[in-house]
> 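The structure is given below, and queries will be raised subsequently.
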Amino acid sequence: MPSKALHLRSLQVLVLIVIFSLTLASLPVSGKRKHQAILVIVGGNQTYNPALALLRRGNPELKEVSLTIDDGPHVKWAPKILNALKKHHVHATFFVVGKKVLAHPQLVRRMWQEGHEVGNHSMTHPRLNTITLSQVRYQLQSCANAVAKITGRRMLFMRPPGLRYTPDILRVGKSMQTITVEENIAVGDFIKPGDRSWYEGSKGFAVHVKTVEHNVYKQLRNGAIIVLHDMPVTAAALDDILTGIQKRGYKIVTLRQMLAHMIQQRATLVRT
């Protein structure tokens, strides 16, 4: 079961988010330079939009990135991914699928126990913009219930499968007290249907691994949210990817940490 300290930290971050959102709402569109800086960095379509509870990227002033891993947990690949993260003392955010959570509860417990963030990626991975809003709520709530039953934890973040969403879907997520998360570094690390080269030991697999690594490095920038997948190529490439990111001077943080750092820095500007 999670410790009281973890629950307290989660509550503190949520309180910061509420305070920050109220602060943004009170700021004029034009005004002092410090206020303009907040709106440019945090508001609108650039970073965090509190009105929509939508996180698009982290603070471009900070040399940090967030690593997110979608579509798991997979019983074969997730342990390799977790081992690589542990080796590098890095914490990621796993966007999990509810039916896989129920199939492999020990992996989700391990994610929390090792300090990773776990986010909602629906129960069965449909494209949310192709189903009714009541079905959207069912998908998200079912996944949330699965994780809560296994870990006792409430997820703060949600990512729609395929990043398919509408304003109404964002409102459903916000009503469930979750923040919808986009990504801005995608590397094409998921299995292509019918193409066996995406499986370890197949011809062409090593090329895919190196391509995925290169695709991460060429897109690195401050505040980036990287999306990888619980897939064979990711499991094989992650050790080198983490080494490469760290060698380039970037700190890897969870989404909760990224949002907290952004809020804390902007709050400091408001007070000065």
Side-chain angles (χ1 to χ4, degrees), residues 55 57-58 64-101 103-123 125 143-144 146-147 150-151 153 155-163 178-191 198-200 208-209 211-213 215-217 219-220 223-246 250-259:
L55 179 63
R57 63 171 295 174
E64 64 181 23
V65 298
S66 193
L67 180 64
T68 65
I69 300 170
D70 289 8
D71 296 355
H74 190 284
V75 69
K76 185 174 181 179
W77 306 315
K80 295 180 180 180
I81 290 170
L82 286 164
N83 290 343
L85 293 166
K86 188 173 184 178
K87 175 183 174 181
H88 289 268
H89 307 287
V90 165
H91 294 130
T93 303
F94 288 85
F95 283 98
V96 297
V97 177
K99 66 178 182 178
K100 295 182 181 180
V101 170
H104 308 296
Q106 74 283 2
L107 291 173
V108 181
R109 292 192 192 100
R110 181 181 170 186
M111 290 170 185
W112 283 120
Q113 289 166 358
E114 295 185 0
H116 302 291
E117 186 83 28
V118 177
N120 194 325
H121 204 43
S122 80
M123 190 64 187
H125 205 261
C143 182
V147 171
I150 290 166
T151 68
R153 300 291 298 269
M155 295 180 287
L156 176 59
F157 298 101
M158 180 271 283
R159 174 175 284 156
L163 278 180
T178 60
I179 296 170
T180 301
V181 179
E182 290 195 354
E183 46 79 11
N184 40 64
I185 295 184
V187 298
D189 61 329
F190 43 85
I191 295 171
W198 290 88
Y199 290 91
E200 194 168 7
H208 290 318
V209 170
T211 299
V212 165
E213 292 175 20
N215 287 343
V216 171
Y217 302 149
Q219 299 179 76
L220 279 176
I225 299 174
I226 304 167
V227 60
L228 298 174
H229 294 81
D230 194 336
M231 300 281 179
V233 168
T234 306
L238 190 57
D239 189 6
D240 287 342
I241 288 173
L242 295 174
T243 298
I245 292 174
Q246 291 172 326
Y250 288 90
K251 182 178 180 181
I252 303 172
V253 299
T254 66
L255 291 172
R256 193 179 298 255
Q257 291 169 325
M258 176 174 276
L259 186 57

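Quantities reported herein were computed from a predicted structural model and do not represent experimental measurements. We're numbering straight along the sequence, starting at 1.
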> Could you tell me which non-hydrogen atom of I185 sits nearest to which non-hydrogen atom of A224, and how far apart they are?
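That closest heavy-atom pairing would be CD1-CB, 3.5 Å.
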> Which heavy atom of L107 sits nearest a heavy atom of V75, and at what distance?
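For L107 and V75, the tightest heavy-atom pair comes out as CD1-CA, 3.8 Å.
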> Could you report the tightest heavy-atom contact between V233 and D189, atom names first, then the distance?
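So the two residues come closest at CB-O, 4.1 Å.
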> Does D71 reach the main-chain N or O of H229 with its side chain, forming a donor-acceptor pair under 3.5 Å?
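Checking the backbone N and O of H229 against the side chain of D71, no donor-acceptor pair under 3.5 Å is found.
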> Are any of the side-chain heavy atoms of L238 and L67 separated by less than 4.5 Å?
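They are in side-chain contact.
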> Quick one, V90 and Q246 - any side-chain contact, counting heavy atoms below 4.5 Å?
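Yes, side chains in contact.
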> Output, in order, the C-alpha distance, side-chain angles, deciding distance and verdict of side-chain contact (heavy atoms from CB on, under 4.5 Å) for V147 and W112.
CA-CA 10 Å; V147 171; W112 283 120; 3.9 Å; yes
> Kindly say whether V253 contributes a backbone atom to a donor-acceptor pair with the side chain of S66 at under 3.5 angstrom?
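The answer is yes, because a donor-acceptor pair under 3.5 Å joins these two groups.
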> Describe, in one word, how the ring planes of H74 and W77 are oriented to each other, choosing from parallel (under 30°), tilted (30 to 60°) and perpendicular (over 60°).
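Ring orientation, 0 to 90° scale: parallel.
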> Does some side-chain heavy atom of E182 sit less than 4.5 Å from a side-chain heavy atom of I225?
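Side-chain contact under 4.5 Å: no.
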> Would you say the side chain of I69 lies within less than 4.5 Å of the side chain of I81, judging by non-hydrogen atoms?
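They are in contact (side-chain heavy atoms under 4.5 Å apart), so the answer is yes.
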> Exactly one of P161, C143, P160 should register a side chain to side chain contact (heavy atoms under 4.5 Å, CB included) with S122. Which one does?
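With S122 as partner, side chain to side chain contact (heavy atoms under 4.5 Å, CB included) holds for just one option, P161.
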> CZ/R109 to CZ/R153 distance, rounded to the nearest 0.5 angstrom?
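CZ of R153 is found 14.0 Å from CZ of R109.
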> So, do T68 and F157 sit near enough that their side-chain heavy atoms are less than 4.5 Å apart?
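No, too far: nothing below the 4.5 Å cut-off.
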> Do T178 and N120 have side chains that get closer than 4.5 Å, going by heavy atoms?
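Answer no - side chains too far apart.
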> As a quick check of understanding, evaluate salt bridge (charged side-chain N to carboxylate O under 4.0 Å, His left out) for K76 and E200, giving each step before the final call.
CA-CA 11 Å; K76 185 174 181 179; E200 194 168 7; 5.9 Å; no
> State, to 0.1 Å, how close G188 and V212 come at their nearest heavy-atom pair, and which atoms those are.
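Heavy-atom minimum between the residues: O-CG2, 4.3 Å.
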> So, the side chain of H91 versus the backbone of L85: is there a donor-acceptor pair under 3.5 Å, distance only?
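Checked: no pair found.
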> Just by distance, do the side chain of T254 and the backbone of E117 share a donor-acceptor pair under 3.5 Å?
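Answer holds: no.
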> I'd like to know if the side chain of H88 and the backbone of D239 have a donor-acceptor N/O pair within less than 3.5 Å.
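Judged by distance alone, yes, a pair lies under 3.5 Å.
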> Within the 4.5 Å heavy-atom criterion, are Y250 and I226 side-chain neighbours or not?
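When only atoms from C-beta onward are counted, I226 and Y250 do not touch, as no gap falls below 4.5 Å.
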> Shortest non-hydrogen contact from F94 to L82?
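Answer, listing the atom of F94 first, then L82: CZ-CD2, 3.7 Å.
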> Any chance you could measure M111, atom CE, to H116, atom NE2, to the nearest 0.5 Å?
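Here the rounded value is 8.0 Å.
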> Are the side chain of T180 and the backbone of R159 linked by a donor-acceptor contact shorter than 3.5 Å?
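Pair absent, no side-chain N/O of T180 close to backbone of R159.
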> Quick one: pull up OG1 in T93 and CD1 in I252 and give me the separation to the nearest 0.5 Å.
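Here the rounded value is 11.5 Å.
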> Nearest 0.5 angstrom please: K99 NZ to H125 NE2, how far?
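So the gap between those two atoms works out to 9.0 Å.
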> About how many Å separate OG1 of T151 and CD of Q113, when rounded to the nearest 0.5 Å?
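The distance works out to 9.5 Å.
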> Which heavy-atom pair separates G98 from A146 by the least distance, and what is that distance?
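G98 and A146 have their closest heavy atoms at O-CB, 4.3 Å.
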> Please check: side-chain N/O of Q219 versus main-chain N/O of A186, any donor-acceptor pairing under 3.5 Å?
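Yes; at least one donor-acceptor contact below 3.5 Å.
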> Enter the distance from N215:CG to H208:NE2 here, rounded to the nearest 0.5 Å.
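Interatomic distance, N215 CG to H208 NE2, rounded to 0.5 Å: 12.0 Å.
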> Report yes if the side chains of F190 and W198 come closer than 4.5 Å at any heavy-atom pair, otherwise no.
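Result no, sub-4.5 Å side-chain heavy-atom pair not found.
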